Amino acid sequence: MTAPTSRERRAGDACPGVSRPFVAVDGSIVRLRPAAQPVRLEALSGLMDIVAGQTDPAIQLTSRGALQLRGLPDPLTPRIRDAIRATGLVPSATHELVRNVVASPLSGLDGAGHCDLRPVTRALDTALRADPDLAHLGGRFLFVLDDGRGDVLGESFDLGVIATGPGRCVVLAGGTSRGWEVPLAAAVPRLVALAHEFVERTGGDESVWHVSELAEPLGPEPTALVDLPPAPERPLGAVGEHVVVAVPLGLLRPDHLAALARVTDRVLVTPWRSLVVENAAAARPELEGAGLATHTGSPWTRLHACTGLPGCARSALDTRALARELAPVLPGGHLPVHVSGCERRCGTPATAYVDVLAPTSVDAALRQIRDSSPPRHDQETP
Ligand code: SF4
């Protein structure tokens with residue numbers, strides 16, 4: 001099974017936001033986009049208050065470093081809309097859906113990479129929001145900014161930047177390694193120009209989501225070919241004076257938030273369902289004690305689950321509840337383990353993984369893990 005092409009799509013994308021919630025079986029889903037910038041704990045607390053009455057309240061972290069609330073009323077009540085907007089996480093009503101930016105999360109913090117990309121990330125967000133035409137980009141269009149370490153260029157991006165030295169970078173388009181070498185200071189204007197060209201070339205056709213779907217390549221003839229560095233290991237635990245914590249199942253829960261609030265006033269959401277907490281390496285034990293993962297031996301660095309019940313009617317089980325029961329007895333191994341509620345296997349890793357399909361119990365899941373030979377890696381990720 002492959003993703004539909006633009007010709008096969010009948011409608012525009014349905015990526016959710018406050019202005020356009022997606023309605024699932026358990027209610028409305030709203031996504032907030034920090035655009036690769038730090039999020040205040042106060043804002044996260046505001047979001048948590050909105051879902052506090054749910055059976056299992058949580059803020060979901062997405063694979064693009066966004067925040068998601070689900071199980072909200074359909075339609076959203078004005079009170080909930082106002083409460084979400086009061087967090088400051090929707091700084092532009094017109095550009096809410098297009099602030100899809102992923103950047104090297106440790107840029108400027110750990111000395112790796114060629115430069116500190118944080119000013120570029122902020123400048124890109126400002127430029128995006130200031131440009132009325134770019135509100136037409138669509139919710140699936142992705143900008144990726146990599147400081148040269150190669151940690152985020154593996155995302156299938158539409159427009160990207162990779163730093164190639166101090167003050168130098170190559171701007172890339174369509175997920176390829178061909179692009180244009182420019183001074184770092186010229187990266188944002190070049191990205192904006194290319195984004196403009198994309199909007200003009202699609203001419204309002206909302207079925208074209210990505211640069212790679214254009215009939216002709218975007219931009220002038222490329223002038224640079226980048227040797228993309230291999231992706232480094234995902235950071236976890238102490239990084240100098242900072243700490244990276246993985247959030248089990250990508251669900252940030254009230255106890256996690258309470259522990260974070262004791263050690264910081266802001267976090268950076270990574271595209272790996274983890275958080276960078278600046279100047280908090282010493283608080284690692286406290287954060288681990290609250291259920292966040294900070295060691296590579298934690299089952300939560302490998303164990304994942306699809307939405308399952310109650311959010312997905314196709315599922316026969318609460319996949320996440322089962323994963324929580326499974327975590328303490330998960331057999332050792334290197335491969336990710338993914339619990340799916342049905343054969344669609346949503347959210348499976350792009351790499352090899354251990355497939356746990358609709359298990360009726362933890363024992364059944366353990367049997368599937370033991371019997372999983374060879375591991376699966378051939379399923380589509382919807
Ligand atoms: S794998 Fe099946 S049960 Fe799980 S979220 Fe996807 S459709 Fe729903």
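As the structure lists them, so they are numbered: ligands from 1, and atoms in each ligand from 1. We number each residue from 1, following the sequence as shown. The model shown is predicted, which means the values in this text are computed figures rather than measured ones.
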Summary of salt bridge (Lys or Arg N to Asp or Glu O under 4.0 Å) pairs that have at least one residue in residues 82-98, sequence neighbours excluded: none
Given Leu252, Thr62, Leu89, the one that forms side chain to side chain contact (heavy atoms under 4.5 Å, CB included) with Leu67: Leu89
Pairwise salt bridge (Lys or Arg N to Asp or Glu O under 4.0 Å) hits with a residue in residues 48-61, at least two apart: Asp56-Arg253, Asp56-Arg324
Derivation and outcome, side chain to side chain donor-acceptor pair (under 3.5 Å), residues Ser361 and Asp363: CA-CA 5 Å; Ser361 65; Asp363 284 343; 5.2 Å; no
Proximal protein heteroatoms (N, O or S) of atom 2 (Fe) of ligand 1, under 2.8 Å: Cys342 SG
Test log, rule salt bridge (Lys or Arg N to Asp or Glu O under 4.0 Å), inputs Asp125 and Arg99: CA-CA 7 Å; Asp125 187 27; Arg99 294 175 63 241; 2.8 Å; yes
Set of side-chain hydrogen bond (donor to acceptor under 3.5 Å, both in side chains) partners for His196, sequence neighbours left out: Asp131
